[in-house]
Amino acid sequence: MLSTTRREQPAALPPVQDEQLDALVAVLDDVRHERRRSRPEIMHSTGLTRSVVQQRVSELVARGLLLEGRLGPSTGGRAPRQLEFAASAGHVITAALGATSIDVAVADLGGALISHQTERADISDGPERILSRVEALFEQITTVTDLPGELWGVGIGVPGPVDFDHGNVVAPPIMPGWDDFPIRERFSACYNVPVWVDNDANVMTLGELRAGAARGHDTVVFVKIGTGIGAGIVIAGRLHRGAQGSAGDVGHMQIASDSEVVCRCGKIGCLEALAGGAALARDARALAAEGLSPQLVRRMSEQDGHLEAADVSWAASHGDAASARLIARSGNLVGEALSSMVHILNPSLIVIGGGVSRAGDPLLAAIRESVYRQSLPLATRELEIRTSALGPRSGVIGVATMVTDELFSRGCLANWVDAGSPTGRPGLASAGSR
């Protein structure tokens with residue numbers, strides 16, 4: 001383990017000048033994302049001069065954002081001092097809301113989970129009931145956890161379209177009563193810190209990018225297959241939200257114009273309505289009702305007539321051919337939609353996550369077959385398609401990543417760095433951080 005000593009922050013430091021911010025953020029991000037780095041490595045990575053790196057590192061150490069540890073290996077000259085991001089300077093609390101679940105967590109400023117709790121919930125119960133429960137879970141998890149530093153921020157992920165700049169949900173198909181609900185304002189008033197809200201696919205993408213399967217990739221598509229289907233897009237190493245924050249809403253791409261299935265958005269032929277978790281559960285109930293799947297009939301009788309997408313995976317794993325065909329069909333349809341994104345974006349990696357992804361290899365094989373069959377050879381020459389490395393924790397890890405990335409972005413950092421922390425400044429999020 002790296003041995004570190006945190007310097008005491010002086011009582012007063014000169015304010016950071018605007019012309020210093022770009023280099024300050026570049027150095028901080030280099031250490032945050034790459035973890036342990038020496039000054040020579042930062043110079044090589046960022047292209048900054050020795051004197052600028054030395055000045056910015058000294059500034060960040062003095063402000064308690066970087067820690068200096070033991071000497072690293074020498075390459076011929078004086079051994080460089082190792083640096084580490086001060087992840088324990090504060091903490092963030094996060095909630096990842098799904099159609100059927102609430103996950104909450106406490107994380108340090110490096111995005112590492114300190115404590116995590118999950119429970120069943122129905123997002124259609126509405127914002128007052130769901131968010132009140134989130135607040136109660138936050139209270140539980142922070143009371144029993146030994147927390148590092150002050151609370152620096154709150155993050156919420158939701159299963160619907162989000163206006164990221166304003167932190168509210170916009171016309172969500174599966175979230176009745178949530179349209180334009182002031183989520184940010186509610187939590188800002190409660191905790192007096194900046195609050196960020198984004199859709200679940202975007203935050204899961206961030207989690208995979210920083211700590212999961214997408215780490216080290218610059219062009220990535222993450223697909224969340226849960227009750228609904230959504231995607232996050234990474235271009236040049238950064239999450240691409242689009243002009244209004246709705247980039248990646250692949251669940252409402254039309255893939256079957258002759259379908260009689262009406263999506264919850266009101267249109268027909270949507271990918272989500274034909275291949276998402278709700279679609280699998282619907283089709284599984286139909287198979288069981290017609291007696292075409294002995295395993296699903298048995299499962300439904302054991303569960304008082306209730307079936308979910310997970311039951312389809314279970315039945316398929318127990319040799320049920322009809323369930324296996326449902327999973328293969330879902331994978332083929334998702335792959336069909338992804339082939340269009342492959343042609344447009346030419347990603348190096350596609351990551352499959354969400355609850356339905358736990359169907360495992362059969363689903364992944366069907367997605368791969370469809371993507372490779374329908375895409376041009378050049379676009380898929382080096383394309384990898386794999387499942388999430390973070391699994392069910394990807395939501396809360398991703399929300400923590402969102403909060404810390406925003407806190408340490410140039411625009412946001414400029415508004416709190418002289419004060420020492422963002423605590424007590426809830427307007428930082430609504431003011432915009434970029």
Side-chain angles (χ1 to χ4, degrees), residues 91-107 115-145 151-204 224 226-228 230 244-246 249 251 263-266 272 276-278 306 308 354-355 392 395-396 398-400 402-403 406 424-430:
H91 66 276
V92 299
I93 51 177
T94 71
L97 309 182
T100 59
S101 64
I102 296 174
D103 286 86
V104 299
V106 182
S115 186
H116 175 214
Q117 188 170 330
T118 184
E119 69 179 33
R120 300 276 295 181
D122 187 344
I123 197 71
S124 66
D125 284 344
E128 287 294 345
R129 184 169 179 178
I130 294 296
L131 297 181
S132 292
R133 186 58 190 155
V134 169
E135 290 166 354
L137 291 171
F138 279 168
E139 179 67 23
Q140 290 179 21
I141 203 168
T142 55
T143 299
V144 300
T145 304
L151 176 63
W152 280 33
V154 175
I156 310 291
V158 298
V162 173
D163 180 340
F164 185 74
D165 289 339
H166 296 94
N168 58 285
V169 186
V170 180
I174 67 169
M175 301 173 67
W178 288 79
D179 187 26
D180 209 29
F181 187 87
I183 301 174
R184 170 178 288 164
E185 288 78 2
R186 180 180 180 126
F187 285 95
S188 294
C190 184
Y191 295 100
N192 198 30
V193 293
V195 176
W196 284 275
V197 184
D198 205 351
N199 76 69
D200 52 1
N202 276 348
V203 298
M204 293 166 80
K224 182 222 71 175
T227 300
Q244 276 74 47
S246 65
D249 201 354
C263 182
R264 283 172 291 192
C265 71
E272 178 176 301
H306 185 70
E308 296 182 347
V396 285
V399 176
M402 168 184 69
V403 174
E406 292 300 320
R425 292 171 172 78
L428 291 174
S430 57

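Keep in mind the model is a prediction, meaning the values are calculated, not measured.
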Which heavy atom in [X] sits nearest to a heavy atom in [Y], and how many Å separate them?
X      : Y      : result
Ala400 : Val92  : CB-CG2, 4.2 Å
Asp198 : Met402 : CB-SD, 3.5 Å
Gly160 : Asn199 : O-CB, 3.0 Å
Phe181 : Asn168 : O-CB, 3.7 Å
Val197 : Val162 : O-CG1, 3.5 Å
Val193 : Leu151 : CG1-O, 3.4 Å

Is the shortest heavy-atom distance from the side chain of [X] to the side chain of [Y] under 4.5 Å?
X      : Y      : value
Ile93  : Tyr191 : yes
Ser430 : Arg184 : yes
Leu131 : Phe187 : yes
Val104 : Phe138 : yes
Gln244 : Asp163 : no
Arg264 : Thr227 : yes
Val195 : Ile183 : no

For Trp196 and Val203: C-alpha separation, side-chain torsions, deciding distance, then whether side chain to side chain contact (heavy atoms under 4.5 Å, CB included) applies. CA-CA 11 Å; Trp196 284 275; Val203 298; over 6 Å; no

So how far is it from [X] [atom1] to [Y] [atom2], rounded to the nearest 0.5 Å?
X      : Y      : atom1 : atom2 : answer
Thr100 : Glu308 : OG1   : CD    : 6.5 Å
Cys190 : Glu139 : SG    : CD    : 8.5 Å
Ile174 : Ile123 : CD1   : CD1   : 7.5 Å

Would Glu119 and Leu137 count as a side chain to side chain contact (heavy atoms under 4.5 Å, CB included) if you check the C-alpha gap in whole Å, the side-chain angles of each, and the deciding distance to 0.1 Å? CA-CA 10 Å; Glu119 69 179 33; Leu137 291 171; 3.7 Å; yes

My understanding is that only residues two or more places apart in sequence, or in another chain, count here; which of them pass salt bridge (Lys or Arg N to Asp or Glu O under 4.0 Å) with Asp200?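 With neighbours one apart ignored, the set is Lys224.
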
Under the salt bridge (Lys or Arg N to Asp or Glu O under 4.0 Å) test, residues paired with Glu135 that sit two or more places apart: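 With neighbours one apart ignored, the set is Arg186.
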
Within 6.0 Å of NE2 in His166, more than 12 heavy atoms from elsewhere: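 No, the 6.0 Å shell around NE2 holds no more than 12 heavy atoms from other groups.
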
